[in-house]
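The next block holds one structure in the form of structure tokens; read it before the comments.
In what follows, every chain begins at residue 1, and chains take the letters A, B, ... in the order their sequences are listed.
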Amino acid sequence: MDVRLQRINKSFGAVPVLKDVDLVFPSRKFVTLLGPSGCGKTTLLRMIAGLEDISAGSIYFGDREVNRLAPRDRNIAMVFQSYALYPQMTVRKNLGYGLRVRKTPATEVDSAVERVARILEIDHLLDRKPGQLSGGQRQRVALGRAMVRKPDIFLMDEPLSNLDAKLRVTMRGELRRFHLDLNATTVYVTHDQLEAMTMSDLIAVMHKGVVQQFGTPEEVYSKPANLFVAGFIGSPPMNFLEGKIDSGRFRISEAALPLPPLTRGIAPGLDVVIGVRPQNLSFVTSAGPNALAGIVSLVELLGSEKLIEVQIADRKRISVQVRADSQIHLGQNVHVEFDTSSVHVFDKLTEQSVLEAMR
Amino acid sequence: MSRFSFLSSDRAVGLIFIAPFVVMALVFMVYPIAEAVRMAFFSYNPLRPDLITYVGLANFEFIFSDPLFWSSFTQGTIWTLLSILFQTVFGVGIALLLHRKLFGMAIFRGMLLFPYIVPTVVIALIWRWIFNPEIGVVNYGLLSIGLINEPIYWLSTPTMAMASTIMLNVWKYTPFVVICVLARLQAVPLELYDAAKVDGAGAFRRFIDVTLPQLREVLIVVIVFRTIWTFNKFEEIYLLTKGGPGTSTFNLAVYSFEQSMASLRLGVGAATGVVMMIMLMIGSIVYLRVAGFGTEEKST
Ligand SMILES: Nc1ncnc2c1ncn2[C@@H]1O[C@H](COP(=O)(O)OP(=O)(O)O)[C@@H](O)[C@H]1O
Ligand SMILES: [Mg+2]
């Protein structure tokens, strides 16, 4: 079932938390709400669940407006950040609770619980209580409780944030698999861009209650709509440099870097910020038109790569990602070359992408 | 390890912190209890301090064959059970109301502790006035709105006197239950209610499946303490009815007092106290076992 959010607004008292959120989540897609802490992700998710009033706007499931529908009548399921398992009930009781409340016959409840427990490999834990489980096991029970009712829409609020790093990576793949099995529209909330990139069909990047960009992981990564998205998506983060546009070139101190052909139409003299990812920078042996001179100020080994921080003119620093076996050392004089085609240009004033606006 | 490590160890600091309490407990709790237990085995008339004699179990034999002891026990038990029942039900109810952020609740919350703070002697005197059959405001009110046709003798028929002492106790100690329950309610994770809503539970199911289980431990503790305090309670009954009419509102505390002070049998009074202590100890242990105290799952 598809979910449509139409000009959703939300304020707590006089404080606006969500502003004109307009989104369509296509049926059976895995959609992620991504943004820093406090940007309104949980609030939006709770509104979809019916746990929070809508100040203005409408939510549709399919063709039905659900604004006034109670959570129980929405056929949704939700996994909470704290898991929110009922502490006095066994895992079996926790899993079956939603079905029992809905007066499902006991035999059906039992078989549904057993089925989900088998899928999640928690059948050996059914008679324990939540207090006797590890974090990862609790998380699976919380998932199971949501899966057992076969919901149309599956809501998850940072379900992996309480797990250790290794388990989190494993669970990313599993959640993705469960999504494919479940045939439900999944709305997933996270502040972790890597999680969003690896799991989602679509990502809505949010900041200060406003949707900054809504698109596939490739789109938000390679065509960021504004400075915020550009800085938030990707690791290590994108480099930003301020300067002016001058006849198809980007002027920063003495250097004038060539820009992609598309930027020829930009008004000369416009104050811009260009963004380029560390992966799209490289070292060259001699000064050239595309290169900036600088001194290596930090070398970080990331594993298979090295991140080199280079101090260029005006005490600016940029990061360059190179292979781990590159022989670059601290204090070395280097020239950094830009891959012109992968440079992003943003209007300094509006912070919007100039390139995307011209496409 | 250094020679001075004991003084700076956690253990030493802990001992220093609890030392004053241990001394106080020895002086003001252990000694009087020991003395009361000793007294239970002596014949002790305060007017004849020269005649204190060891009598073995005679004091216990006396009380166990005294019908007034047994009727005091029964009446005290009824008094305790009904007081606790109403306090718990009202306490939880009022706490749930206060927990919702309704208009005016802040004021009500402020007034809540009033009955608990006012000295019992003041309350009992006021209650004797307002329950006075001829000039009391309660009868006046009930008569004038037509609920009753003739005055109720609140404190001078056995049943009504018992009901009045229960009412006084409930009125005075319900706030204690409210405070304990309210504190616990504020610690219930809100996501549990959200999870139950999504699971489809209505308000009643949420109360049964989320709120009540969270209140279980605090209610067990509150009920144990309230039971002990109420079973031992003296002044509320004595000040309101003096145990009367007749002996119809005697409980064991009043019985013990009457034996000691009116009949000057301090040994019998002390023996009653020892019996009460043993009863409460056994009762509390059995109750905590049955109620399963300490087995609650802490985590969500
Ligand atoms: N019940 C509430 N009352 C007042 N403000 C709230 C409430 N819930 C959330 N907020 C505020 O709304 C903003 C968004 O919160 P939230 O949706 O929880 O953010 P996120 O999940 O993205 O971290 C935050 O500034 C938060 O302080
Ligand atoms: Mg959140």
(message) Quick check for you: among V101(A), D73(A), L155(A), which has the greatest number of heavy-atom pairs under 4.5 Å with chain B?
(response)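 With the most close heavy-atom pairs to chain B, the winner is V101(A).
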
If you count the non-hydrogen atoms of other residues, nucleotides and ligands that lie under 6.0 Å from [atom1] in [X], is the total more than 12?
| X | atom1 | result |
| --- | --- | --- |
| K29(A) | NZ | no |
| F114(B) | CZ | no |
| R28(A) | CZ | no |
| F225(B) | CZ | no |

(message) Taking side-chain hydrogen bond (donor to acceptor under 3.5 Å, both in side chains) as the definition, give me every residue that meets it alongside D63(A), ordered by chain and number, with sequence neighbours left out.
(response)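 Per chain and number, D63(A) pairs via side-chain hydrogen bond (donor to acceptor under 3.5 Å, both in side chains) with no residue.
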
Does any part of the side chain of [Y], heavy atoms only, come nearer than 4.5 Å to the side chain of [X], both counted from C-beta?
| X | Y | answer |
| --- | --- | --- |
| D209(B) | R100(A) | no |
| Y83(A) | L192(B) | no |
| V198(B) | R72(A) | no |

(message) Under 4.0 Å between a side-chain nitrogen and a carboxylate oxygen: does that hold for R149(A) and D199(B)?
(response)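 Looking at R149(A) and D199(B), the cut-off is met.
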
(request) Let me know if R46(A) has heavy atoms under 4.5 Å from chain B in its side chain, its backbone, both or neither. (result)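 The side chain, not the backbone.
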
(message) Using heavy-atom distances under 4.5 Å, tell me whether L51(A) contacts chain B through its side chain, its backbone, both, or neither.
(response)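 It is the side chain, since no backbone atom gets that close.
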
Search all heavy atoms of [X] against all heavy atoms of [Y] and return the closest pair with its distance.
| X | Y | value |
| --- | --- | --- |
| Q88(A) | P213(B) | NE2-CG, 3.1 Å |
| A84(A) | A195(B) | O-CB, 3.9 Å |
| Y97(A) | A201(B) | OH-CB, 3.5 Å |

(request) Could I get the full list of side chain to side chain contact (heavy atoms under 4.5 Å, CB included) partners for T227(B), not counting sequence neighbours? (result)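 Scan of T227(B) (side chain to side chain contact (heavy atoms under 4.5 Å, CB included), adjacent residues dropped) gives T80(B), I84(B), I223(B).
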
(request) Please lay out, stage by stage, how M78(A) and D194(B) fare under the test side-chain contact (heavy atoms from CB on, under 4.5 Å). (result) CA-CA 9 Å; M78(A) 186 157 172; D194(B) 289 341; over 6 Å; no

